[in-house]
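Heads up: the structure comes next, in structure tokens.
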Amino acid sequence: MEFLTVFFAGIIPVNTIKDAVLLGVDVGLNQWVACGAAVLGTLIPLPFFLFVLNALDNRARMLKDRESEPKEDEGRKNGEQSRKRRISFGLKDAILFLFSAVPVPFTGIWTSSILSVILRVPFAKAAAIIAAGTVVSGAAVTVMITAF
């Protein structure tokens, strides 16, 4: 029952993973079991939230593109921009990972998902990066709880 309490605490958007792990320790779970329950609970809404955000972003882009017609110079600019995107693609991944891995308020999967849409990280890659960052965040919180 304690596992489910921590699991559902992780799903709530206003809770951070730190809150869920601390709740698990308070109800008597082992720190690492609490970390696992918190991480699992935190990751459950991730694909759904990313899907909705990407769908809304795609819809907004489609409406924006429908209103304006591309000019000849824009085709050349888009080619230059895609080259720049390829160069900075690793940096976007690192930013997204660090944003989701640092266990401070407002850096969980919810805001990381918004950041992934802003940075234009593809759905599957964003989900993997945010999930990895969440696991690192949960482990960091658990180590801090164990140490102190």
Side-chain angles (χ1 to χ4, degrees), residues 1-27 29-66 70 74-75 77-148:
M1 188 63 173
E2 291 86 8
F3 186 88
L4 289 177
T5 304
V6 176
F7 177 82
F8 287 118
I11 292 177
I12 300 172
V14 294
N15 281 345
T16 61
I17 196 162
K18 176 182 59 99
D19 297 332
V21 173
L22 285 172
L23 175 68
V25 171
D26 285 345
V27 297
L29 286 176
N30 178 324
Q31 292 95 335
W32 293 104
V33 173
C35 175
V39 167
L40 286 175
T42 302
L43 291 178
I44 291 294
L46 176 63
F48 305 108
F49 193 59
L50 271 176
F51 178 77
V52 168
L53 284 176
N54 281 319
L56 289 174
D57 184 53
N58 290 338
R59 180 70 177 158
R61 288 189 174 287
M62 187 175 63
L63 291 174
K64 181 183 173 191
D65 290 343
R66 190 181 301 169
E74 286 184 19
K77 288 180 184 177
N78 288 340
E80 292 172 7
Q81 288 175 354
S82 67
R83 206 174 325 124
K84 289 179 184 177
R85 284 186 193 140
R86 278 184 260 140
I87 293 170
S88 66
F89 195 68
L91 180 61
K92 291 177 184 180
D93 298 343
I95 290 169
L96 185 59
F97 176 76
L98 288 174
F99 192 80
S100 62
V102 177
V104 295
F106 304 109
T107 60
I109 66 154
W110 302 92
T111 50
S112 296
S113 297
I114 295 169
L115 181 64
S116 75
V117 171
I118 292 170
L119 293 176
R120 305 256 179 267
V121 179
F123 176 84
K125 193 168 197 175
I129 291 170
I130 295 170
T134 302
V135 170
V136 169
S137 178
V141 167
T142 305
V143 167
M144 285 188 266
I145 289 171
T146 304
F148 298 106

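As the structure is a prediction and not an experimental result, all values here were calculated from the model. Hydrogens, waters and symmetry mates are skipped; everything else that's a heavy atom, side chains included, is used.
Exactly one of Phe49, Phe48, Phe99 qualifies for a ring-ring contact (aromatic ring centres under 6.0 Å, His included) with Trp110. That residue is Phe49.
The backbone N or O of Pro103 sits nowhere less than 3.5 Å from a side-chain atom of Thr107 that would complete a donor-acceptor pair. A donor-acceptor contact shorter than 3.5 Å is absent between the side chain of Asn15 and the backbone of Ala20. Side-chain N or O atoms of Asn58 include none that pairs as donor or acceptor with a backbone N or O of Ala55 at under 3.5 Å.
The CG atom of Leu29 sits 8.0 Å away from atom CZ of Phe3, with the distance rounded to the nearest 0.5 Å. One distance of note links CD1 of Ile145 with CH2 of Trp32; it measures 9.5 Å at 0.5 Å rounding. In this structure, OG on Ser116 lies 10.5 Å from CG on Asp93, to the nearest 0.5 angstrom. Atom CG in Leu50 sits 8.0 Å away from atom CD1 in Ile109 (nearest 0.5 Å). Considering OG of Ser100 and CD1 of Ile129, their distance stands at 8.0 Å, rounded to 0.5 Å. For the atom pair CG of Leu96 and CG of Leu91, the computed distance is 11.0 Å after rounding to the nearest 0.5 Å.
The heavy-atom pair separating Leu46 from Ala131 by the smallest distance is CD2-N, 4.2 Å. When all heavy atoms of Ile17 and Gly138 are compared, the pair lying nearest together is CD1-CA, 3.7 Å. The minimum heavy-atom distance linking Gln31 with Thr146 is given by the pair CG-OG1, 3.9 Å. Across every non-hydrogen atom of Ala34 and Val6, the tightest pair is O-CG1, 3.6 Å.
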